[in-house]
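Notes to accompany the following structure.
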Amino acid sequence: MTASSKVAVFTIVFGVAFAAIYVICTEMNLPLVTYHPAIGEVDVLWVPERRGPAMYWYGWMLTSLIGALALAWLASVVPEQWVQRAIFFGCAAAVGYLIFYTVALFIYDRATVELEFLKSRPLAVAAALVAAAGISFFAPSRWQQRLWPGWVWLVPMGALTVLAYYLTPFFTR
Amino acid sequence: MTFWTTLLIIHGLLAVALLGAITHQAVAVWMPARAKAGNFVTRFRAVPSTSYVAAIIVLYVVTFVMGAWIYTQYRFTARLALEQLRFFKTVGVFEMKEHVATIGLIVLPAYWAFWRQPLSEDYVGARKSVTLFLAIIVWANFLIGHIANNARGFGS
């Protein structure tokens with residue numbers, strides 16, 4: 001089995017990493033810069049709005065760009081199997097987290113006793129990591145050989161789904 | 001205001017060109033014409049897909065940069081008006097537009113890599129998928145841009 005080209009590996013991982021980091025940046029508000037359009041000024045990192053609204057979108061993209069370039073470079077120098085395994089594990093963990101946390105909140109809402117621990121995000125993350133490790137371990141080896149090019153649209157599509165979910169308050173008020 | 005209106009119109013025209021190019025390529029890749037070109041639909045499907053790649057990348061990047069520039073004006077003029085008018089759904093879809101545009105931009109390097117000459121047999125499926133994904137993104141953003149502009153665009 002021939003290896004994928006370095007250019008393909010770099011660009012696929014760039015897209016995947018950017019999408020993942022971008023979602024984290026928007027959720028945790030981690031811009032590299034803050035732009036104030038009304039006064040035309042730029043601040044480094046997150047700064048609250050002053051004399052008009054603040055724009056963080058450019059900053060989120062810059063943060064994601066740096067992270068994605070670093071990871072894409074790293075992916076182009078390590079064995080391809082490692083990259084495929086890492087993305088597979090990451091995706092399994094992300095899906096696992098969504099499932100565990102959703103189920104936990106569902107149970108919490110309907111439980112007749114107070115089960116505060118079900119609202120814990122770290123607990124859902126831990127459960128997702130364990131599940132992802134198990135799935136990765138038992139996944140067929142042929143899935144782990146080459147970097148699957150489909151990640152480059154599947155992960156961004158998942159990122160868009162999460163980003164759309166974050167925007168639901170705009171549509172429910 | 002004339003400056004921003006002019007930019008918005010150019011942004012819209014570039015988006016139309018991009019929409020045409022990516023739709024042409026997506027249709028040609030997913031439904032290639034097997035018979036000799038005849039009617040309009042067959043000719044639409046029979047275009048050489050590879051010839052669109054550079055144009056699509058350039059158009060996307062230029063449209064994106066212009067949109068990101070106009071966004072600064074939108075943020076403290078049109079958006080504030082939309083919020084005061086309680087057009088929250090319109091604001092929401094425009095927020096989605098910024099995310100969708102970003103996601104489309106980051107897929108471009110892989111799109112370019114999959115379409116590099118000579119075309120690799122390894123990426124036949126990836127070429128089709130990424131082209132379709134990009135087409136969906138461009139269509140979504142085009143329609144969202146239209147909605148936002150109709151609510152509080154140039155001339156309003």
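In the text below, chain A, chain B and the rest are named by the order of the sequence lines, each starting its count at 1.
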Inset, instruction - Could you pull out the closest heavy-atom pair between B/Gly92 and A/Phe171, with the gap in Å? - result: C-CZ, 3.6 Å
Inset, instruction - Could you check which of B/Phe64, B/Tyr111, B/Trp112 has the highest count of heavy-atom pairs closer than 4.5 Å to chain A? - result: B/Phe64
Inset, instruction - Tell me whether A/Phe100 is reachable from A/Val23 by hopping between hydrophobic residues (I, L, V, M, F, W, Y) whose side-chain heavy atoms are closer than 4.5 Å. - result: no
Legend entry - side-chain contact (heavy atoms from CB on, under 4.5 Å) between B/Met96 and A/Phe170, intermediate numbers included: CA-CA 10 Å; B/Met96 196 62 207; A/Phe170 282 105; over 6 Å; no
Legend entry - Residue part contacting chain B, namely of A/Thr172, when any heavy atom lies under 4.5 Å: neither
Legend entry - ILVMFWY cluster, A/Val113 and A/Val103 together (side-chain gap under 4.5 Å): yes
Inset, instruction - With a 4.5 angstrom heavy-atom cut-off, could you sort out which part of B/Arg86 is near chain A: side chain, backbone, both or neither? - result: neither
Inset, instruction - To the nearest 0.5 angstrom, please state how far the CG atom of B/Asp122 sits from the CZ atom of A/Arg146. - result: 4.5 Å
Legend entry - chain A contact via B/Phe114 - which portion, at a heavy-atom distance below 4.5 Å: side chain
Inset, instruction - Nearest 0.5 Å please: distance from the CE atom of A/Met157 over to the CD1 atom of B/Ile103. - result: 11.5 Å
Inset, instruction - Please look at A/Ala72 and chain B and tell me whether the side chain, the backbone, both or neither of the residue comes under 4.5 angstrom of a heavy atom of that chain. - result: neither
Inset, instruction - Sort out for me which of B/Leu108, B/Val130, B/Val91 touches chain A most, counting heavy-atom pairs under 4.5 Å. - result: B/Val91
Inset, instruction - Could you tell me the separation between the CD1 atom of B/Ile137 and the CH2 atom of A/Trp153, rounded to the nearest 0.5 Å? - result: 12.0 Å
Legend entry - Atom CZ of A/Arg51 with >12 non-hydrogen neighbours under 6.0 angstrom: no
Inset, instruction - Measure A/Leu160 against the heavy atoms of chain B and call it side chain, backbone, both or neither at under 4.5 Å. - result: both
Legend entry - Nearest heavy-atom neighbours spanning A/Thr11 and B/Pro109: CG2-O, 3.5 Å
Inset, instruction - For side-chain contact (heavy atoms from CB on, under 4.5 Å), just list the numbers for A/Tyr58 and B/Thr72, CA-CA rounded to whole Å, side-chain angles, deciding distance to a tenth of an Å, and then say yes or no. - result: CA-CA 10 Å; A/Tyr58 308 104; B/Thr72 60; 3.2 Å; yes
Legend entry - When B/Glu98, B/Lys89, B/Glu95 are compared by non-hydrogen pairs under 4.5 Å with chain A, the top option: B/Glu98
Legend entry - Heavy-atom pairs under 4.5 Å with chain B, option from A/Trp57, A/Phe14, A/Phe18 with the top count: A/Trp57
Legend entry - Hphob cluster co-occupancy, A/Phe89 + A/Phe138, side-chain heavy atoms under 4.5 angstrom: no
Inset, instruction - Is it possible for you to say whether A/Trp82 and A/Val16 belong to one hydrophobic cluster, with membership spreading through side-chain heavy-atom contacts below 4.5 Å? - result: yes
Inset, instruction - Following the transitive rule for hydrophobic clusters with a side-chain heavy-atom cut-off under 4.5 Å over Ile, Leu, Val, Met, Phe, Trp and Tyr, establish whether B/Ile147 and B/Phe88 coincide in one cluster. - result: no
Legend entry - Interatomic distance, A/Glu49 atom CD to B/Phe76 atom CZ [nearest 0.5 angstrom]: 13.5 Å
Inset, instruction - Please report the C-alpha distance between B/His99 and A/Trp60 in whole Å, then the side-chain angles of each, then the deciding distance to 0.1 Å, and finally whether the side-chain contact (heavy atoms from CB on, under 4.5 Å) criterion is met. - result: CA-CA 10 Å; B/His99 295 322; A/Trp60 296 334; 4.1 Å; yes
Legend entry - Over 12 non-hydrogen atoms of neighbours within 6.0 angstrom of CZ in A/Phe137: no
Inset, instruction - Provide the closest heavy-atom pair for B/Tyr123 versus A/Ala8 in the form atom of the first, atom of the second, distance. - result: OH-CB, 3.2 Å
Inset, instruction - Taking all heavy atoms of B/Ala110 and all of A/Ile12, pick out the closest pair and write down the distance. - result: CB-N, 4.4 Å
Inset, instruction - Counting only heavy atoms closer than 4.5 Å, note whether A/Phe10 contacts chain B via side chain, backbone, both or neither. - result: neither
Legend entry - Minimum side-chain heavy-atom gap B/Arg79-A/Pro53 below 4.5 Å: no
